[in-house]
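All residue numbers in this chain count up from 1 along the given sequence.
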Amino acid sequence: MTYIEELMTVLAEECAEVIQETCKIRRFGLDGTNLQSLAKELGDLQCMIEMCHDADLCSYSEIEEYVQAKREKLKVYSENLK
């Protein structure tokens, strides 16, 4: 497995772990343990995003551009996430 293949595999795994934690919060509520687990998984995902940047797969300015575009889209299509 190449470096990029492994990076993509671990990135996908971390995305899945964030999904799993968000589902637990939806099922069991916002308690300290669930929030701590979510923070850990978001940190792991942020690490993988940084490693994608380090591997020149994306730039922070490009990511920020998409962040701002998503915020604008949420203002239009979301009732609660404005």
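The closest donor-acceptor contact from the side chain of Glu5 to the backbone of Thr2 lies under 3.5 Å. The closest donor-acceptor contact from the side chain of Asn34 to the backbone of Gly29 lies under 3.5 Å.
Taking both residues in full, the closest heavy atoms of Glu14 and Met48 are given as CG-CG, 3.7 Å, listed atom of the first, atom of the second, then distance. Minimum heavy-atom separation, Met8 to Cys52: CE-SG, 4.0 Å. Considering all non-hydrogen atoms of both residues, Lys82 and Leu74 come closest at CG-O, 4.3 Å.
Of the inter-residue distances, the one linking Glu41 atom CD with Glu13 atom CD reads 11.0 Å to the nearest 0.5 angstrom. With rounding to the nearest 0.5 Å, the separation of CD in Glu65 from OG in Ser59 is 8.5 Å. Here the straight-line distance linking atom CG of Asp44 with atom CD of Glu17 works out to 6.5 Å at 0.5 Å rounding. Distance CG/Leu38 to OG1/Thr33: 12.5 Å, rounded to 0.5 Å.
Residues satisfying the side-chain contact (heavy atoms from CB on, under 4.5 Å) criterion with Ile63, sequence neighbours excluded, are Ile49, Cys58, Tyr60, Val67. Listed by chain and residue number, Tyr3, Ile4, Leu7, Leu57 satisfy the side-chain contact (heavy atoms from CB on, under 4.5 Å) test with Ala55 (two or more places apart in sequence, or in another chain). The side-chain hydrogen bond (donor to acceptor under 3.5 Å, both in side chains) check on Ser78 picks up nothing, with sequence neighbours excluded.
Within 6.0 Å of atom CD in Glu62, more than 12 heavy atoms from other residues, nucleotides or ligands are found, so the atom counts as buried in its surroundings.
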Run the side-chain contact (heavy atoms from CB on, under 4.5 Å) test on Leu11 and Leu45 for me, step by step, so that the C-alpha distance in whole Å, both residues' side-chain angles and the decisive distance to 0.1 Å come before the verdict. CA-CA 7 Å; Leu11 175 63; Leu45 180 56; 3.8 Å; yes

Check against side-chain contact (heavy atoms from CB on, under 4.5 Å), Glu72 and Lys75: CA-CA 5 Å; Glu72 292 303 314; Lys75 288 178 186 177; 3.1 Å; yes

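Under the 4.5 Å side-chain heavy-atom criterion for Ile, Leu, Val, Met, Phe, Trp and Tyr, Leu30 and Val18 are members of the same hydrophobic cluster.
Side chain to side chain, Gln68 and Glu64 meet the donor-acceptor criterion of an N or O pair below 3.5 Å.
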